[in-house]
Every structure is written in structure tokens, then in C-alpha cells.
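Since the structure comes first, as C-alpha cells, the remarks are kept for the end.
Numbering starts at 1 and runs along the sequence shown. On a predicted model such as this, the values are computed, not experimentally measured, just so you know.
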Amino acid sequence: MPATSGYRTYIAIAGRRNVGKSSLINAIVNQEIALVSNVAGTTTDPVYKSMELQPIGPVTLIDTPGIDDEGELGEKRIERAKRAFYKADIGILVVDSEPNGFEHSICDLFEKMNIPFIIVLNKIDQLNDVSNLKQLYINSFGRPVFEVSCLEKVNIERVKEALTKLKPKEEEIPLLPQFIKSNDIVLLVVPVDTGAPKGRLIMPQVATIREAIDRKAFPIVTSVEGISEIISKLKEKPDLVITDSQAIGKVAELVPEDVNLTTFSILEARHKGDISILTKDVGVINNLENGDTILIMEGCSHRPLSEDIGRVKIPKWLKKYTQKSLNFKFIAGKEFPDIEDVKNVKLVVHCGGCTLTRRMMLRRINSINRLGVPVVNYGVLISFLHGSLNRTLEPLSL
């Protein structure tokens, strides 16, 4: 099964125009997959190439525009390149001349975002005094510098080995609570509505089923309407019930109080993010005033449906709960938005992040938190609005 985007290693290739960023990608994968030209500025927007790259595994290489692009349009391209860094697990700075402010700005961003990176000194087949230039970068940035020729394929394997060593060793946060073990019954409540993809389950549901099987537990799937009947047919009560967040109000009424209950999005708050940050400021909802702006952020782009949870249901539930006239902004996609779009809102509501890596999600959450803006995810918000937050969080502490 191909790796989903949420489980890939993202590698951002950055540098000035015409230093050989696209050429490096072609050399690393040993294919002509990126457009290469002697004309500066050939890459005008971040380009994503997903593949299996051994020995790293599934990766997405991000080919970014030159950080020294010029003019009004060039500034926009630079901003898009910088925003692409929010996705990166590893960075590569490609250079072919002495460092100046452009290289320093890239390295500063990588360091600020805690992105491990290396420096690739390209065009050694054309440059003079390579040793002194390499030492200059080592002295300036204290990072490994690899001398390569993308054209002649020199030292490319050394770069791949270095990337393998830089691959983040993320803390393994299970999706299911720790107490689920062999022979336990996990009841998954999957509403079938206009938001459910026809003929398949969504990623968190599939991942939960797989993890339950791996633990030799028994996953059982039902619709909301089948909850009471399936529980009555079981000889023992389920050890855990997990529901789609949007059905938590009805499900909480149907599941006995002595049965553990949570939501897929609550599980993702811990699995993909930082649940302490995503829950600590949820009470700000009680202090919202008329005219306050709420930012709804989604990690992927999709065609909004008539009953879209982020664009329709959450705004409706918030207005009903607060009885206030609120404003809503919507941002979708893996690129982090402009800071100005975030810092002036009263609350950020983020999706579960199923298409993002844990590092990408944490970088988003921490960036929002640093701006002093409260942030919650869909599951935390919806459980709070339906009076079920304490109950849905309890299984995570068992």
C-alpha cells in the first residue's frame, strides 16, 4: 500500500536561483523528474515529487523557487517558498558561491522551525577553490557541507546517506489508548452521510482498525443507528467506543456512561499533535464576543460539501453555542498561512491533520501557540460544544 502523505518524510530543497536545486532532485532520484534550465527562476512555485527513496523510504521532495527572486511577483514566490518550509522534516540548502543574506535567511528559518538540514555545495566541476568555499560555509553555519556535481553525479550517494541520518526519529504516539489489548472489543461508530466517501472509509478510521488488529483486539464497525443493537448483542460491553466527532452528541446518549467513549479526532489530537496545547485554551469559546473572527484550518484541500464539517457544521455549532455573531475565515492546504492571517483571530480550529506528518502538525500548533492565539482541533471543539469533552478525553488517561 502506498504511503499516505501523513507518513512521508518531506525534504525541502532551498537556495538562490540557478544554483541547481532541480538538478539535485534529478540526481538524487536518478531520473529527469524536475525541469532544469540555465534560465534563472525556472521553478516559480514549490513543486512536490513523491516517491520511494531508499534507504530513507517514502519521501516527498519539495523543489522551491529561488530565495533571491526579484520584483513584486518574485517576492510572492519567495513567500510561497518559505511557507513550504513548514512541511519540511529535513532541509537542504544548495549553494554555488559565497554566502550572503539569502543563505543566512534560509538557515535562520530552518533553525527557527527546528528543521535539521545540510548544505550542498554544487558545481564543483566548475568552481575554483572549492575547499575554501566549503570551509567558509562550515564556519558560517556549523553544518555539514557536501561537495557535489549534480551534472556529473559526483558525491550524490553521500548526500542520500546524510539525509537518511537526518530523518527525524519521531516519538511513536499510538492512535489507540494504551489500555487497549488483546481480545478487547473496540466499537467504531462510522456515520454514513454526504461527507463520507462512497465505498471507503476515511484515513483515521482505517488506521484505527489496523492498530486494533495489530494489538489483537476486535474492531467492530457500525453506524450510529446500530449502536444500541450491537451493544445488546455483545456478551460483554465494548472496552472502547470511538465515534466520528460530528456524531458525539447522539452517540454519547446511546453509549452507557460506564463504557469508555472518545472520538477519532480526539485520538488524532494526541497521535498527530500536542493534546495539552489543543485543550488548554478551549474555554476561550465561552468568552467570544460579537464580531470576533475564528480561523478554520484544514491540512488538505478538498471540495467543500453542502454539510462540510469545517465550513458549515462547526460555524453553525459555534454560533448556536455562543449566541454571538461571529466571523469565520477558512484556510486549506499543507502550506502554513501568512502570519497576518493567524495572529489577529480569537481562535484557530484545526482539523485532525490526517494528511500531515506529526512534525508538520506540531510545527503548525507550536507556531500558532507562539503567536498567543488559542488553538483547538475539530474533535476537542466539537466535544466541548456538545458537553462531552471530559468524557472523550478520559480514555487517553487510562
Residues 138-147 side chain polar contacts: donor-acceptor under 3.5 Å, at least two apart:
from: N139; atom 1: OD1; to: Q135; atom 2: NE2; distance (Å): 3.0
from: N139; atom 1: ND2; to: Q135; atom 2: O; distance (Å): 3.3
from: S140; atom 1: OG; to: L136; atom 2: O; distance (Å): 2.8
from: E147; atom 1: OE2; to: K134; atom 2: NZ; distance (Å): 3.0

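- Around the CG atom of N390, the shell of radius 6.0 Å holds no more than 12 heavy atoms that belong to other residues, nucleotides or ligands.
- With hydrogens and angles ignored, the 3.5 Å screen pairs a side-chain donor or acceptor of N377 with a backbone N or O of S265.
- Between T208 and P219, the closest side-chain pair of non-hydrogen atoms is not below 4.5 Å.
- Taken from NE2 in H350 to CD1 in I296, the straight-line distance is 11.0 Å, to the nearest 0.5 Å.
- Partners of D96 under the salt bridge (charged side-chain N to carboxylate O under 4.0 Å, His left out) rule, at least two apart in sequence or in another chain, are K123.
- Every residue was checked against the side chain to side chain donor-acceptor pair (under 3.5 Å) condition with E161, not counting sequence neighbours, and none meets it.
- Checking side-chain atoms of R158 against main-chain N and O of V148 turns up no donor-acceptor pair under 3.5 Å.
- Residues forming a salt bridge (charged side-chain N to carboxylate O under 4.0 Å, His left out) with K233 (at least two apart in sequence, or on another chain): E229.
- Residues forming a side chain to side chain contact (heavy atoms under 4.5 Å, CB included) with N100 (at least two apart in sequence, or on another chain): R16, F102, E103.
- Annotation: side chain of V375 is in contact with side chain of L278 (closest heavy-atom distance under 4.5 Å).
- The salt bridge (charged side-chain N to carboxylate O under 4.0 Å, His left out) test applied to R270 returns no partner, not counting sequence neighbours.
- For K346 (side chain) and L288 (main-chain N/O), no donor-acceptor pair under 3.5 Å exists by modelled atom type.
- Within the 4.5 Å cutoff, the side chain of I28 has heavy atoms near those of the K160 side chain.
- With ring centers used as reference points, Y10 lies 6.0 Å or more from Y48.
- Taking the side chain as every heavy atom from C-beta outward, C107 and Y137 never approach each other to under 4.5 Å.
- No single ILVMFWY cluster, assembled from side-chain heavy atoms under 4.5 Å apart, contains both L151 and I25.
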